[in-house]
Colleague: 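Here it is: the structure, laid out below.
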Amino acid sequence: MPTEFKSKISEPIPITLLSGFLGSGKTTLLEHILTSSHGLKIAVIINDVSQLNIDAALVQGHKVTKKEEKLISLQNGCICCTLRGDLLEELVNLAKAGKFQYIIVESTGISEPMQVAETFTTAFSETLLQSQPNLLQHEEKVLRDIIDLGGLNSLTKLDTCVTVVDAINFLSNIETTNFLIDRYGDHGSGEKERTITDLLVDQIEFADVIIINKISAIKKKNQLKIENIIRSLNPVAKLLKTNYSKVDVKEVVNTKLFDYEKATTSAGWLQSLNEMEIREGFGSKNGSSLTPKPETEEYGINNFIYRSRKPFHPERLYNMIRDKFVVIERTGIEEEEEEEEEESTEDELTESEDECDMPELTEKQYLSNKRNSAFAGVLRSKGFLWLASRYIIRGEWSSAGSMLTFNGGIPWFAVTGVPLFVGQAAKLIERDMQGKHGDRRNEIVFIGINLDKHALTEVLDSCLVTDKEFKEMEEIIEKEKNLLKIEKILKNVFLDGFETWIKFDEEEDSLEDTEVDTGRVDTA
Ligand SMILES: Nc1nc2c(ncn2[C@@H]2O[C@H](COP(=O)(O)OP(=O)(O)OP(=O)(O)O)[C@@H](O)[C@H]2O)c(=O)[nH]1
């Protein structure tokens with residue numbers, strides 16, 4: 001055993017692997033686990049499919065990271081293919097550090113849990129080592145050490161594989177083809193293109209615990225249908241039903257449910273090692289490397305980041321999205337809980353809080369409008385947005401299928417300054433700071449199939465403020481130095497039907513002399 005590891009490692013560190021399709025509720029579950037009293041020193045690895053580390057930023061923003069926790073972000077790829085080696089390296093580093101009792105890995109919504117699990121085998125390290133011409137010295141050393149130890153399994157071990165299922169979008173995603181026949185039927189047609197259905201099925205089949213999330217947003221009849229499909233695919237996994245991924249943490253952490261022996265006898269185990277091809281990945285600092293076919297190619301999924309340094313006009317933005325998505329606005333925890341208790345009985349998706357005069361649409365109409373718009377093919381989108389009427393708090397945009405959630409997040413860093421707790425991330429925040437409006441910007445990643453980037457850019461650009469409006473806005477900002485005053489004036493200038501994100505002080509007059517002081521701003 002390499003002496004470097006010997007002294008530090010007694011027991012392998014258990015790991016919970018969070019999987020589940022795009023937007024199903026993995027980050028919500030992670031936040032729930034981290035904010036529950038678990039009594040463990042947890043390290044978290046968050047994997048985002050795009051260049052933007054939205055999930056890591058959300059976890060960091062929503063929850064004050066405690067000192068004993070560590071958050072590692074792996075971006076722009078997937079830990080089951082292109083970032084497999086990077087995951088392995090991070091896990092070895094965490095084991096070597098000897099500071100953590102538990103690790104939670106949140107994979108991307110398009111990752112295949114079986115391929116992540118294969119990273120723990122000696123065969124995987126051997127394959128990387130043998131077939132990798134461009135490894136750096138430290139990468140090679142890591143792999144040799146792991147092989148000597150008998151695989152990553154002796155440093156860290158999978159404890160629980162959790163798959164989160166999005167109850168709202170599951171049926172439409174899984175029934176895009178007659179999946180059971182397609183998958184198990186005898187067509188004799190040989191190799192088939194893998195579909196989203198295949199991916200969902202893989203995620204369900206490989207799970208020890210399956211969480212059917214967003215349960216109160218669907219009808220009882222559909223709940224039963226989803227349960228039956230899941231049961232037929234994986235009769236042994238523990239099945240839980242939740243809203244906002246609220247589970248008893250004991251159900252997903254330290255359960256010891258993952259059965260390594262069983263996994264190694266599953267159909268397809270280690271198959272990906274034989275299908276590896278030269279691509280960019282671990283060891284790619286000097287060129288290309290060996291990885292299995294990424295889902296982006298396998299399922300035709302691509303992503304695109306919309307960016308702008310001009311704010312959205314709130315009314316224009318709302319009018320554009322309102323007939324394509326069921327818009328949910330989350331403004332506070334009390335409201336969220338009330339929402340959860342309400343059970344859906346209507347034909348419409350019931351979580352819409354659209355209180356405008358426009359008639360509510362049926363789910364079919366929303367889907368059809370979305371399909372016939374620039375948003376066709378968008379499976380998931382998430383990011384930050386800047387509304388012209390709001391200068392203090394950043395908006396969070398998050399869509400999964402037909403649902404689009406909007407809420408106020410933390411204040412822009414231009415307001416608070418770069419906080420100390422973000423450590424290395426401070427550099428990234430500094431990079432986002434530009435010109436007089438600092439980090440205020442729109443930055444939304446769209447993930448989907450055959451996305452029309454030009455159409456999306458065009459439609460989103462058309463919702464931005466015009467040059468004239470932007471000038472007017474900047475004049476207000478320059479004239480009024482007080483942030484709260486600026487916010488109030490902007491709210492009157494730009495018609496804004498979104499929920500309030502800031503509770504202003506009752507005594508409005510007292511604002512007159514207030515210096516910029518974010519301590520007086522309560523986010524709703
Ligand atoms: N209506 C409703 N929305 C939910 C529920 N749980 C999560 N959401 C919302 O669904 C969206 C996606 O949730 P996330 O936790 O970010 O999903 P994810 O699986 O981490 O997403 P990716 O990492 O992009 O795959 C967010 O807008 C959540 O607020 C729920 O129970 N009901």
Side-chain angles (χ1 to χ4, degrees), residues 17-35 44-50 52-59 61-63 73-75 78-80 104-111 113 162-170 173 196 199-200 203 211-218 223 240-247 295 301 303 305 325-333 335-344 349-353 363 378-385 395-409 444-448:
L17 173 65
L18 303 182
S19 308
F21 195 56
L22 296 161
S24 53
K26 298 178 293 297
T27 309
T28 310
L29 174 60
L30 178 62
E31 286 188 321
H32 169 66
I33 298 171
L34 293 178
T35 48
V44 176
I45 299 180
I46 298 184
N47 179 205
D48 249 315
V49 71
S50 74
L52 292 188
N53 52 348
I54 301 280
D55 286 350
L58 287 178
V59 170
H62 287 182
K63 150 190 187 309
S73 163
L74 296 176
Q75 295 154 242
C78 200
I79 52 170
C80 80
I104 300 180
V105 179
E106 183 194 340
S107 53
T108 72
I110 53 171
S111 78
V162 181
T163 291
V164 186
V165 168
D166 180 340
I168 298 173
N169 296 298
F170 181 77
N173 282 335
I196 299 294
L199 177 60
L200 289 174
Q203 292 178 340
I211 297 176
I212 309 178
N213 188 36
K214 314 189 184 180
I215 200 75
S216 69
I218 60 161
Q223 288 185 23
L240 305 168
K241 290 188 269 184
T242 61
N243 289 303
Y244 291 94
S245 304
K246 289 209 175 88
V247 287
E295 295 77 13
I301 292 175
N303 71 72
I305 300 170
F325 292 96
V326 180
V327 180
I328 302 174
E329 289 195 65
R330 298 179 65 206
T331 53
I333 201 74
E335 277 183 31
E336 176 193 311
E337 277 163 5
E338 271 169 32
E339 208 176 83
E340 282 163 21
E341 279 159 24
E342 285 169 22
E343 196 114 311
S344 149
L349 287 173
T350 53
E351 286 194 289
S352 169
E353 294 189 356
E363 184 179 357
V378 174
L379 296 166
R380 172 86 171 115
S381 62
K382 52 187 172 177
F384 307 117
L385 75 153
E396 291 174 357
W397 160 304
S398 167
S399 84
S402 53
M403 313 290 279
L404 173 57
T405 307
F406 250 94
N407 52 269
I444 306 170
V445 56
F446 290 89
I447 303 166

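Whatever order the structure lists them in is the order used to number ligands and atoms, beginning at 1.
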Colleague: Considering only heavy atoms of L22, which atoms of ligand 1 have at least one such atom less than 4.0 Å away?
Modeller: 25 (O)
Colleague: Show which atoms of ligand 1 fall inside a sub-4.0 Å distance from at least one heavy-atom site of T28.
Modeller: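 Selected atoms, number and element: 7 (C), 13 (O), 14 (P), 15 (O).
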Colleague: If you measure from each non-hydrogen atom of K382 to ligand 1, which part falls under 4.0 Å: side chain, backbone, both or neither?
Modeller: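 Near ligand 1, K382 shows its side chain, while the N, CA, C and O stay back.
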Colleague: Donor-acceptor pair, distance only, cut-off 3.5 Å: does the side chain of R380 make one with the backbone of F446?
Modeller: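 No; judged by distance alone, with no hydrogens or angles, the pair does not exist.
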Colleague: For ligand 1, find out whether one of its N or O atoms is nearer than 3.5 Å to an N or O atom of K26.
Modeller: yes
Colleague: Distance check, rounded to the nearest 0.5 Å: S216 atom OG versus Q223 atom CD?
Modeller: 8.5 Å
Colleague: I'd like to know if the side chain of N169 and the backbone of S402 have a donor-acceptor N/O pair within less than 3.5 Å.
Modeller: yes
Colleague: Verify, without hydrogens or angle tests, whether Q203 (side chain) and V165 (backbone) share a donor-acceptor contact under 3.5 angstrom.
Modeller: no
Colleague: Can you name the ring-ring contact (aromatic ring centres under 6.0 Å, His included) partners of F325, sequence neighbours left out?
Modeller: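 Partners of F325 by the ring-ring contact (aromatic ring centres under 6.0 Å, His included) criterion, ordered by chain and then number, come out as F375.
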Colleague: Once you round to the nearest 0.5 Å, how far does CD of E106 lie from CD1 of I45?
Modeller: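 The distance works out to 11.5 Å.
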Colleague: Mark yes or no for whether H32, through its side chain, and V247, through its backbone, hold a donor-acceptor pair below 3.5 Å.
Modeller: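 Side chain of H32 to backbone of V247: a pair is present.
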Colleague: For G25, is the nearest heavy atom under 4.0 Å from an atom of ligand 1?
Modeller: yes
Colleague: Can you confirm, on distance only, whether ligand 1 has an N/O atom lying under 3.5 Å from any N/O atom belonging to T405?
Modeller: yes
Colleague: Check each of F406, Y244, W397 against atom 4 (C) of ligand 1 and report the one with the nearest heavy atom.
Modeller: Y244
Colleague: What are the atoms of ligand 1, with element, lying closer than 4.0 Å to any heavy atom of E106?
Modeller: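 Listed by number with element: 20 (O), 23 (O).
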Colleague: Counting each atom of ligand 1 from 1 as listed, which ones have a heavy atom of N243 under 4.0 Å away?
Modeller: 31 (O)
Colleague: Please examine the side chains of N213 and S24, heavy atoms only from C-beta on, and report whether any two atoms are closer than 4.5 Å.
Modeller: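 No, side chains not in contact.
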Colleague: In sequence, state the C-alpha distance, the side-chain angles, and the governing distance for S398 and T405, and then conclude on side-chain hydrogen bond (donor to acceptor under 3.5 Å, both in side chains).
Modeller: CA-CA 5 Å; S398 167; T405 307; 5.0 Å; no
Colleague: Check contact between E31 and ligand 1, using heavy atoms of the residue and a distance below 4.0 angstrom.
Modeller: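 Contact check E31 vs ligand 1: negative.
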Colleague: Taking distance alone, with no angle check, do T108 and ligand 1 share an N/O pair under 3.5 Å?
Modeller: no
Colleague: Side chain, backbone, both or neither: which part of A400 comes within less than 4.0 Å of ligand 1 when only heavy atoms are counted?
Modeller: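 For A400, no heavy atom sits under 4.0 Å from ligand 1.
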Colleague: Would you call S24 a ligand 1 contact, heavy-atom distance under 4.0 Å?
Modeller: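 Yes, S24 has a heavy atom closer than 4.0 Å to ligand 1.
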Colleague: I328 versus ligand 1: do any nitrogen or oxygen atoms come within less than 3.5 Å of each other?
Modeller: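 Checking ligand 1 against I328, no N or O pair falls under 3.5 Å apart.
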